Structures are given as C-alpha cells and as structure tokens.
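Quick caveat: nothing in here was measured; it's all calculated off a predicted structure.
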Amino acid sequence: MGKAKAKKTTGARAKRDKRRRAATEESAEAVLASVPAVESLKDLPSFDEVAPDERQRAAYEAFLAEAEEPGQMRIGCVARLDRGFPLVVTEGDVFRAEHAVGFAKSRGEEEVLLPAAGDRVAVRVAPGHDMGVIERVLPRRTSFERWRGRARGERQVLAANVDTILIVQALGAGEVLLDRIARSMVLALDCSAEPVVVLTKADRCAAGELERELGRVRALVGEGVRVVVTSSAEGAGLDEVRACVPAGTCSMILGESGAGKSTLLNALLGHEAMATGGVRGKDDAGRHTTVSRVLISLPGAGVVADVPGLRSLPLVGHERGLAKMFPEIVRAAQTCRFNDCTHTHEPGCAVREAVATGDVAEVRWQAFERLADEMRVSAASLDPDVSL
C-alpha cells in the first residue's frame with residue numbers, strides 16, 4: 001500500500017514537473033519574442049569600440065584551451081540586456097544569447113558573475129544556430145554594483161567595465177539632492193570609476209538659482225570632480241559631456257527617473273533614440289522610460305551605458321568609496337585622541353576641530369556623517385560582529 005502510494009506521488013510529481021518545464025519553455029519563447037529584433041536596433045557600439053583588454057583576452061585564450069568546442073567560441077561584449085536575453089556584439093556579428101546551464105545553478109555571491117551590460121564574454125555559437133550561449137564572463141575591469149537588500153551578500157551589477165559615472169541631477173525643481181549625489185559618488189569611487197556630476201535642465205532655473213545650486217554641489221563634491229551644467233532644450237553643455245566620454249572609454253549614466261537622462265542622451269546622439277516621459281506635477285518625479293540596460297555609441301566620442309532610473313542607492317560595504325570621497329575626514333580621524341572616537345562628543349576629536357576651523361567643509365562633514373551612519377547600521381543588521 002505504501003509503495004503504491006509512493007509510486008502515485010512520484011508519478012504526480014513527475015507530471016507536475018513536466019508541466020512546469022513546458023510552461024517555462026513557453027514563457028521563455030514569449031519573452032524572446034517580445035524583445036526588440038536585432039535589425040531594429042540603432043546606435044549599438046561596434047566591436048572595436050568595446051574590444052576586450054589584454055587581461056580579458058588572456059582569460060579568453062585560457063578558457064579556449066579547456067573548451068570542448070573551441071571552434072564554436074567567440075569573444076564579445078554584452079551590449080544590451082532585454083528581459084534576460086543578452087545582445088552580444090562580436091567581431092563581424094550581433095546576436096541574441098542565453099546563459100549556459102552553469103549560470104542557472106549559481107547562487108548567492110556567485111550571482112555577480114551573471115552577464116551584465118558591458119561585460120566581455122566567451123560565447124558559443126553552434127553551427128546552424130542564430131542564438132549564442134554565454135559560457136564565461138571574462139574578468140571585469142570595474143563593476144558598478146548596488147545592494148539589492150533582499151538577501152545577505154546579494155548585489156546587483158548595473159554595468160561592467162565602465163570608466164566614468166555620469167551622475168545626473170535635474171535643476172529647477174527645488175534644491176538639488178546632495179544626498180543622492182554623495183551616495184552616487186561613493187558607489188562610483190568604490191568601483192574605481194571617475195564620477196562626473198551632470199546638472200540637467202538649466203533652462204528651468206530662475207535668476208540666481210543656478211549659481212546657488214552650483215555652489216552647493218561644488219562644495220559637496222570638492223575640488224577635482226567635474227561638474228557640468230547642461231540644457232538639452234538649448235543645447236548647452238553637450239560638448240562638455242562628450243569630453244567626459246572620450247573615444248575608447250565607457251561611461252554609465254546614473255540618475256533617478258525624471259532627471260533628464262534620456263533627453264540628454266537624445267541630445268548627445270542628435271536624434272530621438274531613447275524614449276522620454278513626463279514627470280508628475282505634484283513632486284516632479286519621473287516615470288520610468290528606460291527599461292533595458294543598453295550600451296550606446298556616441299558619435300565622435302565613446303560609449304555610454306544607460307540603465308533604468310533607480311529610486312534607491314543603498315550603501316552596504318562601500319567603506320572604500322566613502323574613504324575615497326572624503327579623504328580629508330579620514331586623515332583627520334586618524335589623529336583623534338581615541339581610536340574609537342565617534343566624532344560627536346569625545347575630547348580631542350580632530351574631525352570636529354577640522355570642521356570648526358573650516359579645514360573640513362560643513363556640507364561634506366554632514367554628508368559623511370549620514371552615509372557612515374547608514375553603512376554602520378546596515379553592517380550591524382547583517383552581522384552583529386561587524387564593527388565600523
């Protein structure tokens with residue numbers, strides 16, 4: 001009786017699994033049918049614009065030496081991510097690809113190895129097939145990541161192999177969000193990319209407002225960080241933005257929905273390529289218009305990675321980026337009387353003294369204090385043994 005029941009249960013489970021597999025296959029086919037056709041895509045970078053560096057080529061050659069079908073392998077770059085189906089640019093060809101089975105088995109921190117926009121990859125194209133299979137993500141030069149917050153150790157890679165992060169904030173809608181700029185800079189510096197602040201919609205500023213907001217931003221970011229003021233409507237500042245993305249480099253454009261990212265990219269391209277949307281009148285918040293992660297070739301310049309607008313940029317484990325953004329505060333903290341100084345009330349606090357004397361700008365100290373406290377709380381919630 002027990003054996004019969006066990007067989008019946010096993011048979012039912014097998015049927016259920018078969019139905020699930022069929023549904024998954026149908027779903028994958030439907031998703032693939034919904035992504036843009038390759039021939040309809042414009043402004044894609046050529047292979048020369050996204051060619052792998054020496055380290056990536058060496059890793060590819062090492063992979064080929066162990067591959068079962070080396071003749072079917074190609075080296076390429078992920079130029080788009082549309083609903084889980086990467087678009088790969090190789091020398092002389094552009095095609096959709098799927099992930100090798102090994103990627104589906106990855107969990108936890110290994111998920112960062114899933115292909116991201118800008119990744120250089122080893123991709124297999126079997127004879128008679130119009131789709132490739134990504135077998136290996138080659139070493140990343142840089143990796144711009146944010147914390148997902150759903151599970152410990154889980155990060156989302158927004159773009160790989162980027163050299164510059166264009167931090168976009170809109171003018172003319174109240175005070176520029178300094179906190180957003182500060183955390184964006186921390187993330188950029190943490191991945192060893194160069195941050196550039198791009199202020200859009202300057203044509204919406206009232207008299208004197210531009211100078212005031214520009215002063216606030218420059219006081220926050222400090223010397224040595226480029227701040228570019230643009231107006232897509234008037235064509236102002238576009239050449240300065242192009243200069244931040246020289247040929248042979250890749251930048252990522254980062255900003256909330258409604259910040260003017262797509263409008264700026266359209267102005268840089270000289271034609272309407274990116275969908276744009278309005279903003280809500282009550283709070284000037286934007287509607288998501290970018291839905292894919294895309295590499296875009298800028299005429300006369302380099303490549304820009306565009307990602308959907310991000311409402312939140314949580315900071316977890318980005319102490320290196322924090323130290324790079326606020327080096328004067330880190331140096332001052334090293335001379336505090338107490339090693340565990342919280343810079344709030346202890347005697348002999350060199351940081352508070354530096355703020356009082358003006359050696360550390362008040363706006364930078366306030367930003368540092370908020371971000372450091374956020375990272376301290378986040379780390380403690382993940383692991384009570386972590387101390388910052």
Grab the two heavy atoms, one from Thr164 and one from Cys244, that are nearest each other, plus how far apart they are.
OG1-O, 3.9 Å
Going by salt bridge (charged side-chain N to carboxylate O under 4.0 Å, His left out), name the residues that satisfy it together with Arg352, two or more places apart in sequence or in a different chain.
none
What salt bridge (Lys or Arg N to Asp or Glu O under 4.0 Å) pairs are there with at least one residue in residues 322-351, not counting sequence neighbours?
Glu328-Arg364
Does the side chain of Val363 come within less than 4.5 Å of Leu178's, by heavy atoms?
yes
Just wondering, do Arg57 and Leu138 contact through their side chains at under 4.5 Å, heavy atoms?
no
With the 4.5 Å side-chain cut-off for hydrophobic clustering, are Val89 and Val38 part of the same group?
yes
Would you confirm whether Arg320, through its side chain, and Asp190, through its main-chain N or O, come within 3.5 Å as a donor-acceptor pair?
yes
Applying ring pair (Phe, Tyr, Trp, His ring centres under 6.0 Å) to Phe326 and not counting sequence neighbours gives Phe368
Checking Gln56 side chain against Pro139 main chain: does a donor-acceptor pair fall under 3.5 Å?
yes
For the atom pair CE (Met185) and CG (Leu313), what is the distance rounded to the nearest 0.5 Å?
13.5 Å
Short question: side chain of Glu374, backbone of Leu315 - any donor-acceptor pair under 3.5 Å?
yes
Between Val303 and Pro45, the two heavy atoms sitting closest are CG2-CB, 3.9 Å
Salt bridge (charged side-chain N to carboxylate O under 4.0 Å, His left out) partners of Arg218, counting only residues at least two apart
none
With a 4.5 Å cut-off on side-chain heavy atoms, are Arg242 and Leu238 touching?
yes
Given a cutoff of under 4.5 Å between side-chain heavy atoms of I, L, V, M, F, W and Y, with clusters grown through shared members, what are the other residues clustered with Val330?
none
With rounding to the nearest 0.5 Å, note down the distance linking CG in Leu158 to OG in Ser143.
8.5 Å
Hey, any chance Leu81 and Val133 share a hydrophobic cluster, counting ILVMFWY side chains that come within less than 4.5 Å of each other, even indirectly?
no
State, yes or no, whether a side-chain contact exists between Leu295 and Cys77 at a heavy-atom distance under 4.5 Å.
yes
Considering non-hydrogen atoms only, spot the tightest contact between Phe95 and Asp130 and give its length.
CB-O, 3.8 Å
With a 4.5 Å cut-off on side-chain heavy-atom distances among I, L, V, M, F, W and Y, is there a chain of contacts connecting Ile134 to Ile75?
no
State, to 0.1 Å, how close Asp119 and Leu114 come at their nearest heavy-atom pair, and which atoms those are.
OD2-O, 3.9 Å
For a 4.5 angstrom cut-off between non-hydrogen side-chain atoms, does Val157 reach Phe144?
no
Nearest 0.5 Å please: distance from the CG atom of Leu298 over to the CG atom of Leu265.
7.0 Å
Donor-acceptor pair, distance only, cut-off 3.5 Å: does the side chain of Thr263 make one with the backbone of Gly260?
no
Electrostatic pair Arg141:Asp163 at N-O distance under 4.0 angstrom
yes
Within the distance-only criterion (no hydrogens, no angle test), does the side chain of Glu209 pair as donor or acceptor with the backbone N or O of Ala206 below 3.5 angstrom?
yes
For residues Glu369 and His343, determine if any side-chain heavy atom of one lies less than 4.5 Å from a side-chain heavy atom of the other.
no
Suppose we screen for salt bridge (charged side-chain N to carboxylate O under 4.0 Å, His left out). Which residues come up paired with Arg216, at least two apart in sequence or across chains?
Glu175, Glu213
By side chain to side chain donor-acceptor pair (under 3.5 Å), which residues pair with Asp53, not counting sequence neighbours?
none
Show me the donor-acceptor pairs, under 3.5 Å and distance only, between side chains in residues 219-232 and residues at least two apart or in other chains.
residue : atom : partner : partner atom : Å
Arg226  : NH2  : Glu194  : OE2          : 3.2
Thr230  : OG1  : Leu199  : O            : 3.2
Ser231  : OG   : Asp203  : OD1          : 2.7
Ser231  : OG   : Glu234  : N            : 3.2

Is the backbone of Ala122 close enough, under 3.5 Å, to the side chain of Arg136 for a donor and an acceptor to pair up by distance?
no
Distance (rounded to the nearest 0.5 Å) between Gln169 CD and Ser184 OG:
7.0 Å
Quiz: residues 65-74 side-chain donor-acceptor pairs under 3.5 angstrom, not counting sequence neighbours:
residue : atom : partner : partner atom : Å
Arg74   : NH1  : Asp93   : OD2          : 3.3

Linking I/L/V/M/F/W/Y whenever any side-chain heavy atoms sit under 4.5 Å apart, do Val307 and Leu87 land together?
no
Return the set of residues passing salt bridge (charged side-chain N to carboxylate O under 4.0 Å, His left out) with Arg120 (not counting sequence neighbours), or none when no residue passes.
none
Value for CD1 (Ile296) from CD (Glu49), rounded to nearest 0.5 Å, stands at 12.0 Å
With a 4.5 Å cut-off on side-chain heavy atoms, are Val121 and Val78 touching?
yes
Arg293 with Asp306: basic N within carboxylate O range, under 4.0 Å:
no
Could you list who else is in Leu177's hydrophobic cluster, with ILVMFWY side chains joined at under 4.5 Å, directly or through other members?
none
Is there a side-chain contact between Arg183 and Leu371 in this structure, where contact means two heavy atoms from C-beta onward sitting under 4.5 Å apart?
yes
Filter on ring-ring contact (aromatic ring centres under 6.0 Å, His included), then keep only pairs touching residues 34-80, sequence neighbours left out; what's left?
none
Kindly indicate, with the supporting measurements, whether the criterion side-chain contact (heavy atoms from CB on, under 4.5 Å) is fulfilled by Phe85 and Met131.
CA-CA 10 Å; Phe85 286 96; Met131 281 190 66; 3.9 Å; yes
What's the separation between atom CZ in Arg180 and atom CG in Leu254, rounded to the nearest 0.5 Å?
6.0 Å
Would you tell me whether Asp48 and Ser46 have side-chain atoms, one donor and one acceptor, within less than 3.5 Å of each other?
no
Quick one: do Val88 and Leu44 end up in the same hydrophobic cluster if we chain Ile, Leu, Val, Met, Phe, Trp and Tyr together by side-chain heavy atoms under 4.5 Å apart?
no
What is the minimum heavy-atom distance between Ile167 and Pro195, and which atoms define it?
CD1-CB, 4.0 Å
On a heavy-atom basis, the closest approach of Gly76 and Thr90 is CA-CG2, 3.9 Å
